[in-house]
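This report refers to the structure that appears directly beneath it.
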Amino acid sequence: MSAQQALLRAIHARLLGEPLLAPLLAAGGIRDQSMPRSRLPALTYGEIDSRDYATATEPGEEHVLTLDLWSDAEGRAAAQALAAAVRASLHHAALTLTGAHLVSLICQGIKSRRDAESGLFVVEVSFRAVTE
């Protein structure tokens with residue numbers, strides 16, 4: 001298993017067990033991708049970009065990933081509340097990975113916008129992780 005997959009599995013497990021998220025998401029609200037007529041609010045996995053981050057003595061990878069939080073509410077507040085719960089759950093989290101070690105996981109930013117195609121609010125929460 002690559003460190004990227006191990007990281008995604010650990011993040012998924014953390015989010016599924018996060019009591020702050022459960023009341024904010026629809027049933028089955030954590031998905032790999034958005035589906036037509038999905039129940040909202042929902043969290044989907046966005047882009048992940050992994051690169052070599054080895055030192056002279058240690059192997060390593062840097063991962064930049066985005067979690068997309070979707071809401072059909074009238075304003076941004078519901079999606080932003082979801083983003084705050086996701087950030088609280090993952091920022092500096094000490095996750096256990098299979099086959100790799102998580103050195104750090106930090107929230108790099110939160111971006112809110114209205115999706116042009118669907119008209120829904122989406123909040124993109126970006127994280128940077130380093131594994132070795």
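- Using a 4.5 Å heavy-atom threshold, the side chains of Asp68 and Leu43 count as separate.
- Evaluation of the salt bridge (charged side-chain N to carboxylate O under 4.0 Å, His left out) rule for Glu47 yields no partner, not counting sequence neighbours.
- Inter-residue side-chain proximity for Trp70 and Asp115 is flagged as met; some heavy-atom pair is nearer than 4.5 Å.
- Geometric assessment of Arg128 against the ring of Tyr53 yields a positive cation-pi assignment under the 6.0 Å and 45° thresholds.
- Of the possible polar contacts, one joining the His91 side chain to the Cys107 backbone as a donor-acceptor pair under 3.5 Å is found.
- Closest of all the heavy-atom pairs between Ala54 and Pro59 is CB-CA, 3.9 Å.
- Side chains of Ser126 and Lys111 form no contact here, defined as non-hydrogen atoms less than 4.5 Å apart.
- Taking CG of Leu82 as the reference point, atom CG of Leu21 lies at 6.5 Å (rounded to 0.5 Å).
- Under the 4.5 Å side-chain criterion, counting only non-hydrogen atoms from C-beta, Val64 is not in contact with Phe127.
- Listed by chain and number, the residues in a side-chain hydrogen bond (donor to acceptor under 3.5 Å, both in side chains) with Gln4 are Ser50 (sequence neighbours excluded).
- Taking each heavy atom of Arg114 and Gly119 in turn, the nearest pair found is NH1-O, 2.6 Å.
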Checking side chain to side chain contact (heavy atoms under 4.5 Å, CB included) for the pair Leu7/Leu65: CA distance, chi angles, key distance, verdict? CA-CA 10 Å; Leu7 175 64; Leu65 66 118; 3.8 Å; yes
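- Between the CD1 atom of Ile110 and the CZ atom of Arg87 there is a distance of 6.5 Å, given to the nearest 0.5 Å.
- Taking the six-membered ring for Trp and the full ring otherwise, His12 and Tyr45 have centroids separated by under 6.0 Å.
- Heavy-atom minimum distance, Leu15 versus Ser89: CD2-OG, 4.2 Å.
- By the 4.5 Å heavy-atom criterion applied to side chains, Val103 and Thr131 are not counted as neighbours.
- Side-chain contact check for Ile106 versus Leu90: every heavy-atom pair is 4.5 Å or farther apart.
- Side-chain atoms of Glu124 and Leu67, non-hydrogen and from C-beta on, never get closer than 4.5 Å to each other.
- When all heavy atoms of Gly60 and Asp52 are compared, the pair lying nearest together is O-OD1, 3.4 Å.
- Here the CD atom belonging to Glu58 is positioned 10.0 Å from the NE2 atom belonging to His101, to the nearest 0.5 angstrom.
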Can you check side chain to side chain contact (heavy atoms under 4.5 Å, CB included) on Val122 and Arg113, steps first, answer last? CA-CA 6 Å; Val122 60; Arg113 65 180 172 83; 3.4 Å; yes
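- With contacts defined as side-chain heavy-atom distances shorter than 4.5 Å, the pair Leu24/Leu20 does not qualify.
- Interatomic distance, His63 NE2 to Leu102 CG, rounded to the nearest 0.5 Å: 8.5 Å.
- The structure places CD1 of Ile30 at 12.5 Å from CZ of Arg14, a figure rounded to the nearest 0.5 Å.
- If you check the side chains of Arg31 and Thr44, you find no donor sitting under 3.5 Å from an acceptor.
- Both tests do not hold together for Arg76 against Phe121: distance to the six-membered ring centre under 6.0 Å, angle to the ring axis within 45°.
- For Asp72, there are no salt bridge (charged side-chain N to carboxylate O under 4.0 Å, His left out) partners two or more places apart in sequence or in a different chain.
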Check the pair Leu69, Val125 against side chain to side chain contact (heavy atoms under 4.5 Å, CB included), reporting the backbone distance first and the verdict last. CA-CA 8 Å; Leu69 309 167; Val125 185; 3.6 Å; yes
Evaluate the criterion side chain to side chain contact (heavy atoms under 4.5 Å, CB included) for residue pair Ser112 and Val123; output intermediate values, then yes/no. CA-CA 4 Å; Ser112 169; Val123 176; 4.0 Å; yes
